[in-house]
Amino acid sequence: MDALKSLVQPLVGGGGGSSMIDGMKLVVLGGTVETARRVASSGWSHFINSFFLTAHFSEEDYPYDWLMLWLSRRPEWQRSREFETTTRTSTPGFGTRLADNSFGDDDDENEDIPGKVKTRVVFQPTANTTHTIYYRGHWLRVRRGRKNDGSGSETLSISVVARNNSILKQLVLQAKKEYEAEAVHRIQIYFADSHGCWRWTDSRHKRPMSSIVLNPGVKEMLLSDTKDFLKSEKWYADRGIPFRRGYLLHGVPGSGKSSLIHAIAGELMLDIYVVSLSSSWISDGTLTTLMGRVPARCIVLLEDLDAAFTRSTSRDDESTGSPDSSKTATVSNEPTDFHLRSSRRHRTEHLSDVNTLSLSGLLNALDGVAASEGRILFATTNHLERLDPALSRPGRMDVNRRRIGGYRTANYAPFTYHRVNIRSVNIVFHVLVLCRPVDKRIFSIFVFMFRTSAGDGLKNQAYLPPSVEEEIAAFKHSSPPLDGNTLSKLAKDFADSIPDEEFSVAALQGYLLKNKSRPEDAAHNAAAWVVSEREMRERLKKERELKEKQAREKRRKELLEKAEEKKKAEEEASKKALEAEKNKTEEKAKREAEETAAAEAELKQLQNEAALDTATAENKDSDSESDVSSSGTSTPAEPAATWVKIEDSSN
Ligand SMILES: Nc1ncnc2c1ncn2[C@@H]1O[C@H](COP(=O)(O)OP(=O)(O)OP(=O)(O)O)[C@@H](O)[C@H]1O
């Protein structure tokens, strides 16, 4: 300090410098403190960087969803002092379920109104704030942020002081387990978008397999086949066979194709990835991209497979398919409450020309190099007859059909089982044909509709949400409980009244739903319903036929009118052509006459001139002769007489 004093003294001079020295002291002290703070801070950062492990999770990836659900259950997360609110649950796993920290107006009397949507609010800590959460003896620093790459998508960063990353692994695994436990009763449904990406669309309760009414053995066969496939990855790998399996479901609208896939997905705990081949934007490239992006274990559902084959007829000379002029989608008026295909309701009835999917493109997308392995492919079609010619084209595929099970009895319609081998690209489709129900299936449909709980009457191995059942039972207009005998008697009456193979399951369900509080009426009025349905069908058929007839008549008239107009136009044209020809001939004749007249006139003139020349020459000769004979005497009247003479001869 003395040294500093001696240094400053000469500059400030005298005793007045003491306050200056104090100021300088303060500056030096402040600088030292600030430097120390910065050193400490950078040291701390260095310490953090060298000891903290940080994991980043992007919104686009599954672990983000797992961790967000896990975090939503942590009290520290819920106690955040800076938060934002949302009523939306955008992450797939949440589905219709909200996070645990959601709240709503539980005293709201209107909340009990059936069908009223209950809106609940969720608190979420704001982005860019750091939260400390205690987990298994470690303090985790959790931070929500956004990517700077312009996409604006969210990221989650979790840092922890640890020697290795095992604690983070444990955390992710636990979050995954909790998430899966949450999702175990649900299946996730993804739809393809026009950019070749899969978009999460919905999360549905699993559908019990027992709720699907098919001929005996079909469900069991399909289920055991798919289970067996999922277990046989090594078997496929050892033989070098692509680990893929495909099923083609065919049946009239409302025969249960989508419902069966939904139930199978629930049984196998697989998510469903849906792409409709009749979408206007679908092309070879988009489908290949989509197929390359499905996860290893899932169900891929190709809707309207026939669209690709039918389309290929007109687009791809190489491929075949039965030509079909009516490219309109089939519209069913039957109930569609369990449908997987929410987007399909918006499907265009007329296929757009923008769709450029070809058969070869489809085959390559399904089994090309880029196609993913391990997926179960389901394709549906309402028009197997449109596929067959394309599939059975020599050199492309072999279609082997065989009936399985020998269910062809008086009461059971058969179901067929086709194997479709595509030699060139090694695709195998197992084709299941879902028929309209007969006798026992009709019985089961009734029992399933009016039984009192999910377990009654039928074995139910899949999860059925109890709350829904209880809610249904509690409803005023649901049916009163029936004892087993009454139920089976009513079901038998119902089955006896319904003719085999005439109505789809969806149609029967629709009828039963209308009578869901009156099982007796449903059973006893079934015969009358069949008659009214037939009458309605007959009436619709007649109306359709009349419409078609009118359309044909209209078309015939249009064609006749067109032909008439064409004929008239042709007549008009030929008349005009004739007139033009006549005019042309007349003009030509006139022109020729004029030319002839002109030529004659010219000739006359030339003759006159020649005559004049001759006369002039003769006069000259006679003049010279008279000059010689009469020595200069002449008669002036003679030349004039000569002129008159010439004129006369010309006339
Ligand atoms: N075999 C079945 N078992 C149980 N329910 C069925 C069956 N068939 C149809 N349904 C019911 O009928 C409705 C329509 O069924 P679904 O959508 O599965 O038919 P689909 O064959 O896929 O029809 P589309 O060809 O129009 O897609 C659903 O509500 C479903 O519950």
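Whatever order the structure lists ligands and atoms in, that order sets their numbers, starting from 1. Worth knowing before you read on, the calculation uses all heavy atoms, side chains too, and leaves out hydrogens, waters and symmetry mates.
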Does a salt bridge link Arg537 with Glu502, judged by any charged N lying under 4.0 Å from a carboxylate O?
-> yes
Does ligand 1 have an atom that lies less than 4.0 angstrom from a heavy atom of Arg207?
-> yes
Partners passing side chain to side chain contact (heavy atoms under 4.5 Å, CB included) against Glu233 (at least two apart in sequence or in another chain) | Phe243, Arg297
May I ask you to check whether Leu260 has an N/O atom sitting below 3.5 Å from an N/O atom of ligand 1?
-> no
Measure Ser504 to ligand 1 on non-hydrogen atoms and call it side chain, backbone, both or neither using the 4.0 Å cut-off.
-> neither
Check each heavy atom of Gln509 against ligand 1 and say whether those closer than 4.0 Å belong to the side chain, the backbone, both or neither.
-> side chain
Should the heavy atoms of other residues, nucleotides or ligands under 6.0 Å from NZ of Lys492 be counted, would the total exceed 12?
-> no
Atoms in ligand 1 flagged as close to Ser259, the criterion being non-hydrogen separation under 4.0 Å = 15 (O), 16 (P), 18 (O), 28 (C), 30 (C), 31 (O)
Spell out, as yes or no, whether a donor-acceptor pair under 3.5 Å connects the side chain of His262 to the backbone of His205.
-> yes
Name the atoms and distances for all side-chain donor-acceptor pairs under 3.5 Å in residues 538-546, with sequence neighbours left out.
none

For atom 6 (C) of ligand 1, which candidate among Val505, Leu513, Leu508 holds the nearest heavy atom?
-> Val505
With a 4.5 Å heavy-atom cut-off, do Leu260 and Phe378 have their side chains touching?
-> no
Pull out every atom of ligand 1 sitting under 4.0 Å from any heavy atom of Lys257, numbered as shown with elements.
-> 18 (O), 19 (O), 20 (P), 21 (O), 22 (O), 23 (O), 24 (P), 25 (O)
Considering only heavy atoms from C-beta outward, does the side chain of Ser258 approach that of Thr380 to under 4.5 Å?
-> no
Candidates Thr380, Ile445, Val213; heavy atom nearest atom 3 (N) of ligand 1 found on Val213
Using distance alone, decide if ligand 1 has a nitrogen or oxygen within less than 3.5 Å of any nitrogen or oxygen in Ile212.
-> no
